[in-house]
Undergrad: 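One structure follows; several queries about it will come next.
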Amino acid sequence: MSGLNPAQAAAVEHTDGPMLVLAGAGSGKTRVITHRIARLVDRGVRPSSILAVSFTNKAAAEMRERMIPLVGHEDAHRLWLSTFHSFGVRFLQEETRALGYEGRFVIFDQGDCVGLLRELMREEGIPTDRSFDMMAIVSRISLWKNAFQMPGNVREIDYEYDNIARAIYPLYLERLESMHAVDFDDLVVRPVQIMREREDLRKKWRARFRHVMIDEFQDTNIAQLALVKQIVDEHQNICVVGDDDQSIYGWRGADVGNILDFEKTFRGAKVVKLEMNYRSRAPILEVANAVIAQSKTKRHEKQLRPARGSGPKVRVVNTPDTTAEIKFVAREIHDLRKGGDASPGGVPRKYKDIAILYRSNTQAKLFEEELRVAGIPYRMFGGTQLFDRKEVKDIIAYLRVVNDPEDELSLRRILNTPARGFGSKALKTVRAYGLRHGLSFYQSLRRLQTLDVPVRTARNGMDLLSALQTARDALETGAPLEEVTQRLLEETGFTSMIFEDQTKVGERRRENIEFLMRTFRRFDSERKISLAQLLARISLREETGEEDDSRDEITLSSLHSSKGLEFNIVFLIGCVEGKLPHQRTVDPKLTDAAPTGVDEERRLFYVGVTRARDLLYLTRASGKKSRGRTAPLFPSRFLEGLPDESVEMYTASAEKEMSPDEVANFADMILAKLRK
Ligand code: ATP
Ligand code: MG
């Protein structure tokens with residue numbers, strides 16, 4: 001086995017029975033999984049009987065890439081490499097009948113669920129003003145589902161959000177069912193329930209997999225563990241890898257107990273520890289070790305030694321305010337790229353070597369603007385991405401209805417986009433008719449002409465339905481999706497609505513749509529999956545709209561989404577109290593369903609630090625300007641107690657050379673003042 005140390009090799013060679021690899025960041029846990037799969041295939045295990053679960057779509061895709069050189073293209077594509085959610089989709093697509101949904105179901109993404117919950121709350125007369133935290137409801141219901149708690153047996157806590165969530169939960173389940181919908185949690189929970197209830201299906205799925213491997217096991221929840229237990233029950237060939245120090249999803253119900261109690265759950269498990277870090281230069285690792293050592297939570301002691309030796313110190317940078325912080329990072333990136341003073345050894349760096357990591361997505365918004373102005377290309381993980389943009393969601397909704405006219409939520413979404421006269425009154429009429437005659441929303445719409453709605457509205461509605469039918473027929477005869485979509489959007493007036501908007505926003509929308517069309521073009525040229533599968537992948541955000549990893553762009557990512565990844569140079573920004581740790585976790589007035597406290601934030605910080613290979617910046621601002629005043633910001637507590645010999649501190653001044661744009665703006669400002 002090349003490229004493995006003895007401990008890793010032992011883990012790779014141990015192929016029968018349960019095994020836990022518990023080790024710190026960058027120690028090669030994920031590498032153990034890929035090599036172990038290769039070893040199994042090598043020993044003649046059928047690739048299609050191997051299931052490996054990654055935490056994110058990106059990680060799963062990357063795993064497949066890494067498998068290709070090890071086992072060849074064909075076998076790499078036979079392996080089951082997925083996330084828990086995409087595994088669930090495949091399971092439910094195959095077992096839709098067991099779901100009780102007569103052969104079809106729709107997947108609601110988080111936006112859909114929030115919309116549905118809001119609707120239910122309105123129906124119940126529960127006010128939801130701007131300050132109402134919908135996510136507080138979403139997350140509570142999600143936690144209950146994942147713990148298999150049905151509406152009758154959820155724990156009673158007497159807080160506003162808990163009370164509302166408890167009242168809405170049963171209605172939410174009913175409505176999902178009536179719409180033939182599953183939410184993300186169902187993708188794991190329902191397969192477990194199905195396997196528990198149906199012996200035949202249990203047998204079938206157990207027989208299918210001989211080996212199961214799970215990455216980032218510290219962030220699995222009760223339902224995910226239950227799913228795994230169902231599948232491996234007979235042979236117990238389960239290998240999990242993880243790091244309790246990187247458990248960062250407690251707020252979402254992940255249970256670090258899954259990894260800490262692994263040996264109890266799976267008797268006779270072999271436990272492997274890895275102690276070399278192959279990712280980070282020594283100073284980065286020393287900082288990481290110092291950060292995590294201050295955790296108050298009980299943890300597995302781990303010694304991580306650097307395999308790569310010394311390197312530049314970690315740069316802890318203070319700037320006067322958040323604007324200066326952003327500008328500092330942009331300037332530094334330019335300098336790194338030129339191989340200027342910032343770059344160790346004067347080596348020019350590529351954009352794609354660089355990542356900017358942050359605690360919350362609002363921080364990214366500010367950066368996006370600056371990067372555009374500075375002409376720095378970037379890609380973004382885990383934020384408002386292409387498929388969350390309104391115009392893109394609208395188009396996807398059109399296609400969802402083409403794919404399945406009974407998809408009520410999508411149908412309602414597009415019915416009045418663009419406006420066709422379907423205000424709340426017309427909708428009520430349609431719905432009331434449906435209730436009276438036991439018809440679905442779609443079936444009622446088809447009888448529009450007999451309903452009490454304005455003639456124009458009825459005609460508009462019928463036109464829409466017929467355009468959708470035309471698109472459906474065209475796809476069935478094999479017409480390309482891109483072309484069909486374009487025509488559909490033109491015929492339904494969607495395109496002219498988008499083109500009417502001549503503002504910058506309109507322009508951005510058209511760009512987003514163009515990106516989406518590229519996804520369709522790729523779909524058309526590959527023709528590997530069905531429209532239903534494409535739509536499922538989009539719901540799960542498995543489609544990124546862009547598959548091209550070769551482009552030279554920096555990465556913007558939330559800390560949560562950066563898990564498992566590595567970058568040569570990392571800027572971990574916003575190292576201030578209130579951001580990191582986040583206000584939410586230190587504020588007593590919690591809206592979080594599962595308050596996790598400061599230690600989870602510390603682990604999140606640790607995850608960020610350990611993404612860096614060569615160079616790490618920890619930046620912070622001493623103030624934040626708002627409405628002409630500067631409010632003070634205080635350094636994050638996680639910057640305390642870092643080893644002196646591994647860090648260098650400096651202050652980046654606000655002054656700097658102005659760019660030509662800024663000089664022009666400045667001149668304009670002076671002129672305007674003079675004119676007054
Ligand atoms: P994380 O906890 O962040 O997920 P990990 O433990 O999964 O990290 P990997 O991503 O598998 O770590 O490995 C970290 C880096 O070290 C990768 O670039 C990997 O290729 C490299 N690496 C791992 N093991 C070895 C080895 N034995 N020899 C050389 N490089 C290695
Ligand atoms: Mg990993």
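Start at 1 and go down the list; that is how both ligands and their atoms are numbered. Quick note: residue numbers are just sequence positions, from 1. Source: prediction; values computed, not measured.
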Undergrad: Give a yes/no verdict on whether any heavy atom in Arg613 is under 4.0 Å from an atom of ligand 1.
TA: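 Contact check Arg613 vs ligand 1: negative.
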Undergrad: For a salt bridge (Lys or Arg N to Asp or Glu O under 4.0 Å) with Asp245, tell me which candidate from Arg603, Lys298, Lys302 qualifies.
TA: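 Answer to the salt bridge (Lys or Arg N to Asp or Glu O under 4.0 Å) test with Asp245 among Arg603, Lys298, Lys302: Lys302.
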Undergrad: Below 30° counts as parallel, above 60° as perpendicular, anything between as tilted: where do the rings of Phe209 and Trp80 land?
TA: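 Judged by the thresholds at 30° and 60°, the geometry between Phe209 and Trp80 is perpendicular.
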Undergrad: Just to be sure I read this right, does ligand 1 sit under 4.0 Å from the backbone of Asn5, its side chain, both, or neither, counting only heavy atoms?
TA: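 It is the backbone that touches ligand 1; the side chain stays farther off.
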Undergrad: Nearest protein heavy-atom contact for atom 2 (O) of ligand 1: which residue, which atom, what distance?
TA: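 Atom 2 (O) of ligand 1 sits closest to the protein heavy atom Lys29 NZ, 2.6 Å.
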Undergrad: Run the numbers for me: atoms of ligand 1, each under 4.0 Å from some heavy atom of Arg611, listed by number.
TA: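 So the atoms of ligand 1 that pass are 3 (O).
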Undergrad: Run the salt-bridge test on Arg613 and Asp353 with the 4.0 Å N-O cut-off and return the result as yes or no.
TA: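 Salt bridge flag = no for Asp353 with Arg613.
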Undergrad: Going by heavy-atom distance to atom 25 (C) of ligand 1, choose the closest among Met276, Arg308, Glu216, Arg31.
TA: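 Looking at heavy atoms only, Arg31 sits closest to atom 25 (C) of ligand 1.
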Undergrad: State plainly whether the residues Asp599 and Arg299 are in salt-bridge range, i.e. N to O under 4.0 Å.
TA: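 Looking at Arg299 together with Asp599, the answer is no, because their closest N to O distance does not fall below 4.0 Å.
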Undergrad: Does Gln8, backbone or side chain, put an N or O under 3.5 Å from an N or O of ligand 1?
TA: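 Yes: some nitrogen or oxygen of Gln8 is under 3.5 Å from one in ligand 1.
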Undergrad: Which ligand 1 atoms, with their elements, are less than 4.0 angstrom from a heavy-atom of Gly3?
TA: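 In order of numbering, the contacting atoms are 26 (C), 27 (N), 28 (N).
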Undergrad: Would Arg66 count as a polar contact of ligand 1, with the cut-off being nitrogen or oxygen pairs under 3.5 Å?
TA: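 There is no such contact.
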Undergrad: Among all protein heavy atoms, pick out the one at the shortest distance from atom 7 (O) of ligand 1; state its residue, atom name and that distance to 0.1 Å.
TA: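 The protein heavy atom lying closest is Thr30 OG1, 2.8 Å.
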Undergrad: Mind checking whether Phe91 and Trp205 have parallel, tilted or perpendicular rings, split at 30° and 60°?
TA: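 Rings of Phe91 and Trp205: tilted, as their planes differ by 30° to 60°.
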Undergrad: Does a salt bridge link Glu62 with Arg66, judged by any charged N lying under 4.0 Å from a carboxylate O?
TA: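 Salt bridge flag = yes for Arg66 with Glu62.
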Undergrad: Just need the protein heavy atom nearest to atom 8 (O) of ligand 1, so name the residue and atom and give the distance.
TA: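 Sorting protein heavy atoms by distance from atom 8 (O) of ligand 1 puts Gly26 N, 2.9 Å first.
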Undergrad: Should the proximity of Glu566 to ligand 1, defined as any heavy atom under 4.0 Å, be assigned to the side chain, the backbone, both, or neither?
TA: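 Looking at Glu566 and ligand 1, just side chain atoms fall under 4.0 Å.
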Undergrad: Could you tell me whether Glu648 and Lys313 make a salt bridge, using a distance below 4.0 angstrom between a side-chain N and a carboxylate O?
TA: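 Between Lys313 and Glu648 there is no salt bridge, as every charged N stays at least 4.0 Å from the carboxylate O atoms.
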Undergrad: Once you measure the plane-to-plane angle for Phe55 and Tyr249, does it fall in the parallel (<30°), tilted (30-60°) or perpendicular (>60°) bin?
TA: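 Ring orientation of Phe55 relative to Tyr249: tilted.
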Undergrad: To which protein heavy atom is atom 29 (C) of ligand 1 closest, and what is the distance rounded to 0.1 Å?
TA: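 The answer is Tyr278 CD2, 3.6 Å.
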Undergrad: Are any of the side-chain nitrogens in Asp215 or Lys29 under 4.0 Å away from the carboxylate oxygens of its partner?
TA: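 Judged by the 4.0 Å cut-off on N to carboxylate O distance, Asp215 and Lys29 do not form a salt bridge.
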Undergrad: Should Arg331 and Glu370 count as an ion pair when the cut-off is N to O under 4.0 Å?
TA: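 Salt bridge between Arg331 and Glu370, a charged N being under 4.0 Å from a carboxylate O: no.
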Undergrad: Decide whether an N or O pair under 3.5 Å exists between Gly28 and ligand 1.
TA: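 Such a contact does occur with ligand 1.
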Undergrad: Going by distance only, is there an N or O of Gly564 that falls short of 3.5 Å from an N or O of ligand 1?
TA: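 No, since none of the N or O atoms of Gly564 sits under 3.5 Å from an N or O of ligand 1.
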Undergrad: Would you mind checking which non-hydrogen protein atom is closest to atom 10 (O) of ligand 1, with the distance to 0.1 Å?
TA: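 Result for atom 10 (O) of ligand 1: Arg279 NH2, 3.2 Å.
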Undergrad: Please state whether Thr610 comes within less than 4.0 angstrom of ligand 1, counting heavy atoms only.
TA: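 Checking ligand 1 against Thr610, which is what was asked, there is no heavy-atom contact under 4.0 Å.
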